[in-house]
Colleague: 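I'd like to ask you about the structure that follows.
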2 protein chains.
Amino acid sequence: MTPPVLDLAFAALSDPTRREIVQRLAKGAARVTDLVQPFDMSFNAVSKHLKVLERAGLVRRTRAGREHHIALDPEPIRRIAGWASRYERFWSDRLDKLEAFLKANRKRD
Amino acid sequence: MTPPVLDLAFAALSDPTRREIVQRLAKGAARVTDLVQPFDMSFNAVSKHLKVLERAGLVRRTRAGREHHIALDPEPIRRIAGWASRYERFWSDRLDKLEAFLKANRKRD
DNA sequence: GCTATATTCAACCCATAGGTTGAATATATG
DNA sequence: CATATATTCAACCTATGGGTTGAATATAGC
């Protein structure tokens with residue numbers, strides 16, 4: 001049973017619009033309207049993207065009157081980095097590995 | 001124009017079955033049949049997952065007769081790690097950031 | 001050459017994703 | 001109070017995802 005936290009985080013970040021929002025939020029929290037502004041897309045579309053980010057835990061929402069303040073929560077990104085780091089060892093010697101495999105499975109003649 | 005390489009890699013890794021396949025491949029290349037075995041799922045379903053991983057560049061396929069040998073290409077994972085590392089700074093001081101934001105936007109009375 | 005094995009291709013199904021538009025809701029402000 | 005602003009909710013549309021089954025294709029081995 002893999003907890004779905006990585007599922008949601010990876011899925012949320014697979015959309016370029018959402019990654020752009022995350023990047024924007026790295027510079028500081030913002031209101032929904034502020035986040036809509038750079039995009040050529042309806043307000044509602046961005047609002048939906050924010051809900052996806054929120055569900056994935058990448059973003060926290062605090063209501064202040066009629067305004068919602070959206071702040072980055074980098075914890076899921078940290079989890080992703082942790083997951084990816086398991087393959088660091090690979091980043092240097094993948095060609096060696098492939099070679100070794102091909103050698104091991106070479107037809108014996 | 002963000003090249004879609006991260007889109008594809010993040011999307012591919014959002015599925016737990018595919019992450020499991022990647023993990024399995026970290027131990028060495030394998031044939032399609034070998035990769036199907038651990039899953040309670042049709043051969044064709046796994047074959048489709050492999051195509052997704054291949055399209056995302058996470059996996060390389062070399063045909064050897066009727067067998068296809070699937071090997072991990074960790075480069076996209078490296079790219080993801082690079083993307084995520086931009087938020088490392090955040091991993092320690094996000095609470096400070098949130099606090100600062102709330103303070104800055106506190107109603108003046 | 002015939003049969004078994006490894007694999008993809010194609011068609012289909014249903015759920016979800018990403019976008020739209022048109023309300024509804026809640027809070028500010030003159 | 002009336003109106004403008006900030007935001008979600010709901011319904012809809014089309015495309016894609018993940019799975020199935022049933023071929024088709026290519027290679028291996030007797």
Colleague: Relative to the 5' end of DNA chain C, which residue comes earlier, A/Val52 or A/Gly65, by the nucleotide with the nearest heavy atom?
Modeller: A/Val52
Colleague: Given side chain to side chain contact (heavy atoms under 4.5 Å, CB included), test B/Ile77 with A/Phe90 step by step and report yes or no.
Modeller: CA-CA 10 Å; B/Ile77 299 182; A/Phe90 255 86; over 6 Å; no
Colleague: A/Ala9: which residues meet the side chain to side chain contact (heavy atoms under 4.5 Å, CB included) condition with it, sequence neighbours left out?
Modeller: A/Pro76, A/Ile80
Colleague: Who pairs with B/Arg61 by side chain to side chain donor-acceptor pair (under 3.5 Å), at least two apart in sequence or on another chain?
Modeller: B/Glu54, B/His68
Colleague: Side chain to side chain contact (heavy atoms under 4.5 Å, CB included) with A/Ala11: which residues, sequence neighbours excluded?
Modeller: B/Ser14
Colleague: Applying side chain to side chain contact (heavy atoms under 4.5 Å, CB included), can you list everything that pairs with B/Ala12, at least two apart in sequence or on another chain?
Modeller: B/Arg18, B/Val52, B/Leu53, B/Ala56, B/Leu58
Colleague: Where along nucleotides 7-14 of chain C does protein come under 4.0 Å, by heavy atom, of base (B) or sugar-phosphate alone (S), with - for untouched nucleotides?
Modeller: BBBB----
Colleague: Counting side-chain heavy atoms from CB outward, which of C/dT20, D/dG18, C/dG19 is closest to B/Asp15?
Modeller: D/dG18
Colleague: Whole angstroms only, please: what is the NE2-P distance between B/His49 and D/dG17?
Modeller: 12 Å
Colleague: In whole Å, I'd like the distance from the CG atom of B/Leu35 to the P atom of C/dA6.
Modeller: 13 Å
Colleague: In whole angstroms, how far is the C1' atom of D/dG18 from the CZ atom of B/Arg55?
Modeller: 15 Å
Colleague: Counting only side-chain N and O atoms of B/Ser42, is one of them less than 4.0 Å from OP1 or OP2 of D/dG19?
Modeller: no
Colleague: Pair up each side-chain donor or acceptor in residues 32-44 of chain A with any protein partner under 3.5 Å, not counting sequence neighbours, and list the distances.
Modeller:
unit_1: A/Asp34; atom_1: OD1; unit_2: A/Arg31; atom_2: NH2; d: 3.0
unit_1: A/Asp34; atom_1: OD2; unit_2: A/Arg31; atom_2: N; d: 3.1
unit_1: A/Asp34; atom_1: OD2; unit_2: A/Arg31; atom_2: NE; d: 3.2
unit_1: A/Ser42; atom_1: OG; unit_2: A/Asn44; atom_2: N; d: 3.4
unit_1: A/Ser42; atom_1: OG; unit_2: A/Ala45; atom_2: N; d: 3.0

Colleague: Figure out the CZ/P separation between A/Phe39 and C/dT20, and round it to whole Å.
Modeller: 12 Å
